[in-house]
Amino acid sequence: MIESYVAHIGRRDLFNSNGARLTEPWQILRQDRANFHRFGVKDAGDEGDSFFGNANNRAALENMLRNGSISAQAARDIVRGGAMVLVEIYGRGNVGRSVVVTVAR
């Protein structure tokens with residue numbers, strides 16, 4: 001494990017920068033990290049991380065989730081919003097290979 005963090009998936013994380021509603025968990029997780037790192041939009045309960053501070057790493061999140069794991073219920077909870085997530089980032093050095101996402105409501 002390279003790093004882990006906890007984040008609250010708030011209403012602002014459910015929409016992209018153009019205002020379109022996001023429908024996939026990886027999109028919402030990516031928007032949450034962009035909001036945190038790029039736009040300074042933080043929900044109560046959001047923790048920082050160094051890995052997704054890099055825009056290229058955020059862009060790799062879809063593949064990392066495909067290589068990792070998330071339960072169907074956790075995916076639904078993220079898309080619905082209001083969930084607290086634990087994201088564990090796995091890889092080697094500064095190269096992420098997968099993420100494991102767990103939701104606690």
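Atom set for the values below is all heavy atoms of this structure, side chains included, hydrogens, waters and symmetry mates excluded. One is the number of the first residue; the rest follow in order along the sequence.
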Please tabulate, for side-chain N and O atoms in residues 86-102, each donor-acceptor pair with protein atoms closer than 3.5 Å (sequence neighbours left out).
none

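Remark: Arg76 CZ to Ile70 CD1 distance equals 10.5 Å, nearest 0.5 Å. Rounded to the nearest 0.5 angstrom, Asp49 CG and Glu3 CD are separated by 5.0 Å. Rounded to the nearest 0.5 Å, atoms CZ (Arg30) and CG (Asn35) are 12.0 Å apart. Taken to the nearest 0.5 Å, the CZ atom of Arg58 stands 10.5 Å off from the CG atom of Asp32. The CG atom of Leu29 lies 10.0 Å from the CD atom of Gln27; values are rounded to the nearest 0.5 Å. Here the NZ atom belonging to Lys42 is positioned 8.5 Å from the NE2 atom belonging to His37, to the nearest 0.5 angstrom.
Put simply, the side chain of Glu47 never gets that close to the backbone of Tyr5: no donor and acceptor are under 3.5 Å apart. Between the Asn54 side chain and the Phe51 main chain, no donor and acceptor come within less than 3.5 Å of each other.
Not counting sequence neighbours, the partners of Leu14 by the side chain to side chain contact (heavy atoms under 4.5 Å, CB included) test are Ile9, Arg21, Ile28.
For the pair Ser17/Gln31, a side-chain contact is recorded, criterion being any heavy-atom separation below 4.5 Å from C-beta on. Between Arg33 and Asp46 there is a side-chain heavy-atom pair separated by less than 4.5 Å. Side-chain contact between Phe52 and Phe36 is absent, with no heavy-atom pair separated by less than 4.5 Å.
Nearest heavy-atom pair, Asp43 versus Gly10, reported as atom, atom and distance to 0.1 Å: OD2-N, 3.3 Å.
Linking ILVMFWY residues whenever their side-chain heavy atoms come closer than 4.5 Å, directly or via other members, places Trp26 and Phe15 in the same cluster.
When the shell of 6.0 Å around CZ of Arg66 is examined, it contains more than 12 heavy atoms from other residues, nucleotides or ligands.
Through side-chain heavy atoms spaced under 4.5 Å, either directly or across other Ile, Leu, Val, Met, Phe, Trp or Tyr residues, Phe39 is tied to Val41.
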